[in-house]
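Notes to accompany the following structure.
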Amino acid sequence: MPAPEASQDTASLVKRLAGPSVTKAGLAKDQTEINQIIAEASKGSKFYDNEKRKDKDLTERIAGILKQRGDLLRNADIPKIERTVDHMIADLEAHRDLTQIIVHVDMDAFYANVEMLDNPSLAGKPFGVGHLHGVLTTASYEARKYGARSGMPGFIAKKLCPDLIFVDMHFKRYSEMSDVIMAIFKQYDPNMYPAGCDEGYLNITKYCEEHSLSAENCVQEMRERVRRETNLTVSAGIAPNKMLAKICSDKNKPNGQFHLPFDRNAIVSFMHDLSIRKIPGIGRVNERLLESIGIKTCGDIYTYRATLCLMDKYFGLQFLLRTHLGIASNSVQPVQREERKSIGAERTFSPLGDKEQILKKLEEVALELESDMQKSGWAGRTLTLKYKLDTYQVFTRAKSFDRWISKKDDLFSTGKELLMHEWPVKLRLIGLRMTKLKDLRATEDKGIKRFFSAAGPSSPGKRQKIERREDLESEGELDAADEAREDYESMPGYEEHEFEEAGLEIEIPDDLATGASSSGQALRPASHAKPPSFLSHTKPASSSSKPVSTKPRSSAHKPRSAAAPKEGVRSCICPICGKIMDTDNSGLNAHVDFCLSRGAILEAQVQSLNPQERKGKKR
DNA sequence: CAAAGCAAA
DNA sequence: CGCGTTTGCTTTG
């Protein structure tokens, strides 16, 4: 037993080292001991030092937040604030929608179980999919009992479970099986939303109606079909919205399902004792931030509502209130747009300091990116170089162009240019990412041209976007925009499934129609009720914290490009400058881009007038 | 616009 | 022994 560190709170560091996917388990009896072993195995490494540094940073950040909390609470009219928040809650409650039956389906230890299918001798044995020298993508349930988990480095998993067997990955197989199960799910909801290759969301309201089935029987039947046709098991959660369904699918995993009563009180009490860490969107950092002010469970959110209101900028009051109430989006849609935001490639290697060797890696990455971009038909205007020092510190350097980039030579030379500016460095990872993309395949499907070219939809590529917005009025929840990616042709390398709770695409508040504007809500910064993302650095208290100004300051806000314009064909108005134009969608987009970047540049310039000197260490 | 950081699959 | 990859999004400068 290692003696407690002399320094300070070792607990948070030990927990951090355990990795991000420690959440549920329900398996390993003594997580503490496991965490100790992990910490022990990591000690002395550069990775460990880096985690230690991050942990210290976070601890300091928390100290700053707590200090500010003290200042704010000192001269605040708590009862009044609480009344205000209670109004917000009533408002949210008034919009609760229990009419839709949402299901989250999640394959059990997907990769591992597929491997077991192809190699029955693995049954009952502890094994992990991955290499001893890499990280596990999945661990069999047997292995999980020892604390081995996905995302864990092989050698640590081996330490926890000496008999652990390492099994190679077979993406082709997983993808194949994925197609099979998705096809089954689609029969229950043609609009289902696949969230990765082994899970998805369904709205089975209609199916149940048409087949006179209860939700539970329906899901039971669906799971049984999957098992029959693939010999794989799937767990499911049934609830009135995606967040709840996601949480529920984990409740009786593996090979089980959980049905949450569609009842307000049942839901709120379900949330009451639920750890905030189970909420999709709340990760390790946000968990610690919330815990620092006393919030461990969703029930605690209500207890500390006044504090949260006062510190909305850090914690995202709206999001947390909805979480506390168990309210979230219940909109399930197919994968509604190919609006990809970025495309990139990166690679880790044993630390290198030699220029030629590093440039070689960069070239490989550039080549890979070019190939990917070509394959999927993209070009971009901003290239970002990412590099990780041998100390595990990560940096990014970007450069924008006035033309579209996609060729390897451009990628490489730009990446080199950006990198040379940082020289000398010793790296363990290098990567390139293109943003501000242009869809090379979409140009002629868009806008008016589409009316003339009755060409076959045969292109092997992607679908076009399908915007639709009318349901904005519909009431209840509604996502502003569910993201979705797709073609997992060139699949990444890992997925991290399983038992990690993992996320789901988060729900999106959409302050528009819902709550928000109506009643007098105080304090409503442009803070989306999105997931939290309450990071931000400690900042001076800016005494402006008066949650009592019954006026939502909505106007002075930068027009979020995504929220406004839709498929325009004829004349449209630029949401930024108001100019009226006759152009198609891509024309408008180009103009909007221009407007936005013009504003951003101006802003950036203005701000850089008073330098801030804050660059840090590096080297 | 550029850079850092969080989260999720 | 040697702790991954891809994407999206928010915040800060």
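Chain naming here is simple, since letters A, B, ... match the order of the sequence lines and numbering starts at 1 in each.
The residue A:Ile279 sits close only to the backbone: its heavy atoms come under 4.0 Å of sugar-phosphate atoms, none of a base. A:Leu429 comes within 4.0 angstrom of the backbone, heavy atoms only, and of no base. Residue A:Thr348 is classed as a sugar-phosphate contact, given heavy-atom separations below 4.0 Å to backbone atoms only. A:Thr382 comes within contact range of the sugar-phosphate backbone alone, with a heavy-atom separation under 4.0 Å but no base atom that close.
In this structure, A:Ile343 atom CD1 and C:dT7 atom C1' are separated by 11 Å, rounded to whole Å. Taking atom CG of A:Leu385 as the reference point, atom P of B:dA3 lies 10 Å away to the nearest angstrom. Rounded to whole Å, the distance from CG on A:Leu289 to P on C:dT10 is 18 Å. Atom pair A:Glu422:CD and B:dA2:P shows a separation of 14 Å (rounding to whole Å applied). Rounded to whole Å, the distance from CD on A:Glu368 to P on C:dG4 is 16 Å. When the P atom of B:dA2 is taken as reference, atom CD of A:Glu417 falls 12 Å away, rounded to whole Å. Note: NZ (A:Lys43) to C1' (C:dC1) measures 18 Å, nearest angstrom. If you measure from atom CZ of A:Phe171 to atom C1' of C:dG4, you get 11 Å, rounded to the nearest angstrom.
When the side-chain nitrogen and oxygen atoms of A:Thr384 are compared with OP1 and OP2 of B:dA3, none of them lie within a distance under 4.0 Å. At the phosphate of B:dG5, neither OP1 nor OP2 sits under 4.0 Å from any side-chain N or O atom of A:Arg284. Proximity of A:Lys436 to the phosphate of B:dC1: a side-chain N or O atom is located under 4.0 Å from OP1 or OP2. Within the 4.0 Å cut-off from OP1 or OP2 of C:dG8, at least one side-chain nitrogen or oxygen of A:Ser342 is found. Proximity of A:Arg381 to the phosphate of B:dC1: no side-chain N or O atom is located under 4.0 Å from OP1 or OP2. OP1 or OP2 of C:dG2 has not a single side-chain nitrogen or oxygen of A:Ser350 nearer than 4.0 Å. Between A:Arg433 and C:dT7 there is a side-chain polar atom (N or O) within less than 4.0 angstrom of OP1 or OP2.
Among the nucleotides C:dG8, C:dT6, C:dC1, the one closest to any side-chain atom of A:His133 is C:dC1. Counting only heavy atoms from C-beta on, A:Arg277 has its side chain closest to B:dA8 among B:dA8, C:dG8, B:dA4. Considering only side-chain atoms of A:Val285, the nucleotide from B:dA7, C:dG8, C:dC1 that sits closest is B:dA7. For A:Arg61, the listed nucleotide lying nearest its side chain is B:dC6; candidates were C:dT6, B:dC6, B:dA4.
A:Arg53 and A:Thr391 share no side-chain donor-acceptor pair at under 3.5 Å. Side-chain contact of A:Tyr193 with A:Gln333: a donor-acceptor pair under 3.5 Å is absent, judged by distance alone. Between the side chains of A:Glu115 and A:Tyr174, a donor-acceptor pair is found at a separation under 3.5 Å. Of the N and O atoms on the side chains of A:Thr384 and A:Arg433, not one donor lies less than 3.5 Å from an acceptor on the other residue.
Separation of the A:Phe166 and A:His131 ring centroids does not fall under the 6.0 Å cut-off.
Nearer to the 5' terminus of DNA chain C, by closest-nucleotide assignment, is the contact made by A:Tyr392 (compared with the other of A:Glu346 and A:Tyr392). Mapped onto DNA chain B by nearest heavy atom, A:Ser400 and A:Lys54 fall at different nucleotides, with A:Ser400 at the one closer to the 5' end.
Heavy atoms from other residues, nucleotides or ligands lying under 6.0 Å from NZ of A:Lys15 number 12 at most.
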